[in-house]
Amino acid sequence: MTDTIKAPFGAGSHLHLIDGSAYIFRAYHALPPLTRKSDGLPVGAVAGFCAMLQRYVENNTGPEAASHIAVIFDKGSITFRNGIYPEYKAHRPPLPEDLRPQFPLTRAATAAFNIVYKEIEGFEADDIIATLARQAAEAGGRVTVISSDKDLMQLVGPQVVMFDPMKNKVIDAEGVVEKFGVGPQRVVDVQALAGDSVDNVPGAPGIGIKTAAQLINEYGDLETLLASAAQIKQPKRRETLLNFADQIRISQRLVQLDNHVPLDFDLDDLTLRAPDADTLLAFLTQMEFRTMSKRVADRMGVDAPMIAAAVTKAAAPKADAPAPIAPPTAPIDHSGYVTITTAEVLAQWIAAIRQQGFVAFDTETTSLDEMQAELVGISLATQPGVAAYIPVGHLSQGGDDLFADNSLASGQLPLNDVLAALRPVLEDPSVLKIGQNIKYDVKIMARHGITLAPVDDTMLLSYALNAGLHNHGMDDLSELYLNHRPIPIKDLIGSGKSMVTFDHVPIDKAATYAAEDADVTLRLWHHFKPQLHTARVTTVYETLERPLIPVLARMEMAGVQVDRDTLARMSNAFAQKMVQLEEEIHASAGRSFNVGSPKQLGEILFDEMGLPGGTKGKNGAWGTGADVLEDLATEHALPGLVLDWRQLSKLKSTYTDALQDHINPDTGRVHTSYSIAGAITGRLASTDPNLQNIPVRTEEGRRIRGAFVAPAGKVLVSLDYSQIELRILAEVAGIEALKDAFRQGIDIHAATASEMFNVPLEDMTSEIRRQAKAINFGVIYGISAFGLARNLRIPRDRAQAFIDRYFERFPGIRAYMDETVAYAKEHGHVRTMFGRRINTPEINAKGPTAGFARRAAINAPIQGTAADIIRRAMIRMEPAIADLPAKMLLQVHDELLFEVEAPAADKLIDVARDIMENASAPAVHLGLKLVVEAGKGHSWAEAH
DNA sequence: TACTTCACG
DNA sequence: GACGTACGTGAAGTAC
C-alpha cells in the first residue's frame, strides 16, 4: 500500500501538477453517460478520469518524468474571489445532475492510483497549483502543470511549463506569447482588460485579447496603461479605459492567482509512488470497469479480477469514503414543495432564482387552448426536489353552495401582484426559464403582456437527442429517464364527462401536482442538457429548435381569418348533396345501411353483391379504400356513388363544420397549434385544427381555401419551395443529370421521363411524365417494386424494370440509398445536412419491419433537410420583415403564408423569397439554387 | 381505444 | 419462397 518514502524536493526534482477538476469535466463530456451495471450509479466521468490517469501513469517515463506529483481539485464554489466580485463565475451552467455524485469517486480514484490529491476550501485549484509551482521553482526544481486552462499560463517561467493534454503539447513562454500576445508576467494584465465571459470576469467592454496585448506591449504594464489612459489617441479606447478603470482593476484581482495559499503539507509529501496493484484493481473492480481492469492487470503483470465475483470482496480503497450517493432512480420526494401565498416568500424565491440564473417554470390553466386558457397558478423549481406553487386563480370549493363556486378561494396572492413581481425575472435575459413544451407557457404569459425569454425546453432537448426513439411528453420522459411516474392530471380534474377545469381543483392538491411538474422538468433538464454535446446536436437544438419557439408562438397567436358564412353555406350544400347521394346509394344497394361504415359497405359489396376483387385485411374486414372502390367503379354504380359521398362527408365533417368551431370568439380568427417535436423528421405538425391538410387537390376541396381570407385592405401572400425534396435528393445523392435539369429550369418529371424512356422532351406525353413523376417520388420514399406497381397499377415486374432503369440512368441514387442504410446500421441514426439526428432503432430488425425501417431511413435525411431549411427561413423571416406591415401566419411544410397590407405585398414577396431561397447558407452550401414560387390574393385559394 | 379512411406535403 | 410495403402527418367516424 502507500509507502512512506519521501524524496526531498530540490534541484533536479520535477513536480507534475494535474488540474483534476478540468480532467473530470473533460472526461464527463467526452464520454456517454455510463452507469454501473449493478446499481445504475453514474460513473462515466470516473471512467474517463481513470483512463486519463492510467494513460498519464503509463507515459510518465523518460527525462520529463515526474519525481513528485499531485492532483489538485476545486473544493466548493465560493472562493475569496466572490468577495471581490460577487458575480464571479455566476453564469456558469449548473453542474449536471449525474456529475456531482462522481466527485468523491474521482478523489477515490486518484488515491487508488496512489497519487496524492489536494483540495482546499475557499481556494480554486489554480491557486493551489500556483502556490506549489512557486515553492517548487524556489526550491530549484522544475514544474509541469498539466492542464488546458489558459488561466494557468501566468505561471509559466524559466522552470515552469504547461502541458496541454488535449493537444498533447508543451506550452512554454513562447507558447504563452502565441496565445496572449505577451509574456507570462503580463498575461494577467491582458486578461484583466479582455475579461472572460466563461468566468464572468468583466474586463473592459469592447477590448479583446488582441487589443489588450497591443496596449500592454505599448505601455509596458496595466498600471502604466491606466495611468496614461488620458493620452490615448483613439477616443473610444480612451473613454473605455477611463470609465472602466475600477472594473479593470477588479478583473485583474480576479484573474491573478494567489501563490501564497496556506498549505498543511510540503513538496516532499508529493513524492511519486508506484501504484499498488491490489488497491488499484480493487477500485476498478468496485466501479465494474472491466476493460480497464484487464488492461491495468496486464500492465502490472497480475491476473485480472473477475468483476462479478470480485464485487463483494473488493476492499474499499484507502481514501475518503465516497459520500452516500442517491441513485438516479431515487423516488421523487414531495416534501420540499411549498405553496406561496405571501409577497415576502415570493420575493425570496425570486431572489434565489436571480442568484441561480435559471428556473423551471410551468403554468396551470383552465384550458389546453392557450388562446382561451385562464391562468390558475404558476410553479417554479430551482433545484431537484425544491419547487413552489403560486395559486392565483383557484375557485373556492363551493360544494352545494352555488354562490361560492364563482369566487376565488382565499389565501391566494392577487394575479396582478404575482405577475408584477415575477415579470423582471421572467423577462431577464440572464435568467433562463426552463419548461416542458414551453411554447404553451410563452403564449400564456404573452397574453398577460410578459415576454418569457430566454427559454429552454426539455421536450425539444429530448427531441433533438431522441427523435425516433420515443415521444417527448413529460410523463413519458419522466418514466423513461427519472424512473418516476408523475401524478396523472386525471387524479385532479377527472376525465370524460365529469372532467372539471383546473380552477376547480383544491389548492393543496394542485400545489403538489404543479410543483412536481416543475420539479420533473428541472430534473429532465439536468439529465438532457449535458447530452447535447456528446450526441452532436447542440447546433441543431440552438439553431433549429429553440429559436423557433417564439416564432411559432407569434404565428399561432396571430391566427388566420376564416370566413364563417362561406363555410356555413358550403356545409349546407354538402349536406343536401349527401342526402341525395345517400338515397341513390341505398337504392343501388337494394337496402338501407350506414354509408359511413366501411364494415357494412364491405359486406354489401362483396358478401351480398359478390363483386370481384375484394380482399380482407389482417383483421378480417373487407378493404373498401378509395383505390378499391375506384377499381370497382367499372363493375357497378354503387362504388362511385360511395366515393362521391365520402368526399363530401370528409369535406363537411373535417373542414367546413369543424373549422367553424375553431374560430376564436375573441379574435374571430382560427389559431392552430404547431407541434415542434411531433414528426420525427423535423417537420412541424399542425393540430387543433390541422391547417396543414386543407384541401387543394380537387376543385371541390379547393373552395375551402377560398374561406381563408385577408381582412379588408390586406392580402394573403403564399410562397412555396419548388420541388425542394427532389432538389435535395439530387444534391445529397450527387445526381448530375437531375441537377442539370434543375439548373436549366426544365420540367423535372418530364426530364426524368425523357432520360429514362429515351423520349425527346418535345414528344413527351402526359402518361409517360406521370410515370416518371411517380418514380421520382418513389425514390424519395425509399422505392420498392411493390409500392410503385401499386401506385401506377402496373405489374410488379414492369415496376421493377422501371426502377432498374432509373438506377442505371441516375447512378448515385443506389449509392445514396446503400450508404444511408449502412450509416444507419452502424450508428443507429441518420442525419440531415444540418446535423439533425433521426434515430433508427429498428434498422437492424428482421422481417417486414426491416423494410419499413430501411425506407424511413432513406427518406428521413431528405424530408428532414427540407424541414430544417424552412425552419431556418422562418427564424430569419421575422427580423427580415419587421419593417413591413406583414405577418407570417402559417407553415405547410414547403409553404409559408403571410398576411400583408395590400400595397406592400410585392415588397414582402421580394424579401421573403430572398430569405427562403438562401435559407441553407451559410451552414450548408447547396450546389443547386432553391426556387421559391409566390402568389397573392384575397384568399388562400387565390394566393397559392 | 383501435381501426379505417382520407385530407395535406 | 413468403411475408406485406411506398415517406411524414392529424382528424373524424365506426366498431368494439
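Model, not experiment: these values are computed from the prediction. When reading the values below, keep in mind they use all heavy atoms of this one structure, side chains included, and skip hydrogens, waters and symmetry mates. Labels below follow one simple rule: chain letters A, B, ... track the order of the sequence lines, proteins then strands, and each chain is numbered from 1.
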Inter-nucleotide P distance (B/dC8, C/dG4), Å rounded
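So the two P atoms sit 30 Å from each other.
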Mind checking the P distance from B/dC3 to C/dT5? Whole angstroms is fine.
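After rounding to an integer number of Å, I get 13 Å for this pair.
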Quick check for you: name the first and last nucleotides of DNA chain B, 5' to 3', having an atom under 4.0 Å from a heavy atom of chain A.
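In short, chain A contacts DNA chain B from B/dC3 to B/dG9.
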For [N], the Watson-Crick or wobble partner whose two distances fall under 3.5 Å:
N      : result
B/dA7  : C/dT9
C/dC3  : none
C/dT14 : B/dA2

Looking for any heavy atom pair under 4.0 Å, which part of the strands does [X] touch: base, sugar-phosphate only, or nothing?
X      : answer
A/D720 : nothing
A/R702 : nothing
A/I783 : base
A/A658 : sugar-phosphate
A/G625 : sugar-phosphate
A/A774 : base
A/R697 : base
A/G596 : sugar-phosphate
A/E895 : nothing
A/A866 : nothing
A/S653 : sugar-phosphate
A/S649 : nothing
A/K599 : sugar-phosphate
A/N690 : sugar-phosphate

Going by side-chain contact (heavy atoms from CB on, under 4.5 Å), A/F708 matches just one of A/I694, A/L889, A/L897. Which one?
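Only one option passes, and that is A/I694.
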Give a yes or no on whether the ring-centroid distance for A/Y655 and A/F574 is below 6.0 angstrom.
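Judged by ring-centre distance (under 6.0 Å), A/Y655 and A/F574 do not meet the cut-off.
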Hey, do the aromatic rings of A/H829 and A/Y823 have their centres closer than 6.0 Å?
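When the ring centroids of A/H829 and A/Y823 are compared, they turn out to be within the sub-6.0 Å range.
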Electrostatic pair A/E603-A/K599, nearest N-O below 4.0 angstrom:
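Salt bridge between A/E603 and A/K599, a charged N being under 4.0 Å from a carboxylate O: yes.
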Do A/E842 and A/R854 sit within salt-bridge range, that is, some charged N less than 4.0 Å from a carboxylate O?
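Looking at A/E842 and A/R854, the cut-off is not met.
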Starting at the 5' end of DNA chain C and moving along, which residue's nearest nucleotide shows up first, A/L788 or A/H662?
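Nearest-nucleotide comparison on DNA chain C picks A/L788.
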Go nucleotide by nucleotide along DNA chain C from the 5' end; which of A/P689 and A/K618 gets its closest nucleotide reached first?
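Result: A/K618.
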Of A/K936, A/R669, A/K887, which is the lone residue that meets salt bridge (Lys or Arg N to Asp or Glu O under 4.0 Å) with A/E899?
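Only one option passes, and that is A/R669.
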What is the separation between atom [atom1] on [X] and atom [atom2] on [N], rounded to the nearest whole Å?
X      : N      : atom1 : atom2 : result
A/Y816 : C/dC7  : OH    : C1'   : 11 Å
A/Y655 : C/dG10 : OH    : P     : 13 Å
A/R646 : C/dA11 : CZ    : C1'   : 16 Å
A/E603 : C/dT14 : CD    : C1'   : 13 Å
A/I728 : C/dC7  : CD1   : C1'   : 14 Å
A/W622 : C/dA15 : CH2   : C1'   : 19 Å
A/N594 : C/dA12 : CG    : C1'   : 13 Å
A/R790 : C/dC7  : CZ    : C1'   : 13 Å

Contact under 4.0 Å: A/S597 side-chain N or O vs C/dA15 OP1/OP2
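For C/dA15, OP1/OP2 do have a side-chain N/O of A/S597 under 4.0 Å.
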Ignoring hydrogens and geometry beyond distance, is a side-chain donor-acceptor pair present between [X] and [Y] at under 3.5 Å?
X      : Y      : answer
A/W622 : A/Q600 : no
A/D804 : A/Q800 : yes
A/S571 : A/T656 : yes
A/Y463 : A/D457 : no

Taking atom types as they are modelled, would you say the side chain of A/R855 forms a donor-acceptor pair with the base of C/dT5 within the 3.5 Å cutoff?
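In this structure, the two groups form a donor-acceptor pair.
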Among the candidates C/dG4, C/dT9, C/dC7, find the nucleotide nearest to the side-chain atoms of A/I680.
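So the side chain of A/I680 is nearest to C/dT9.
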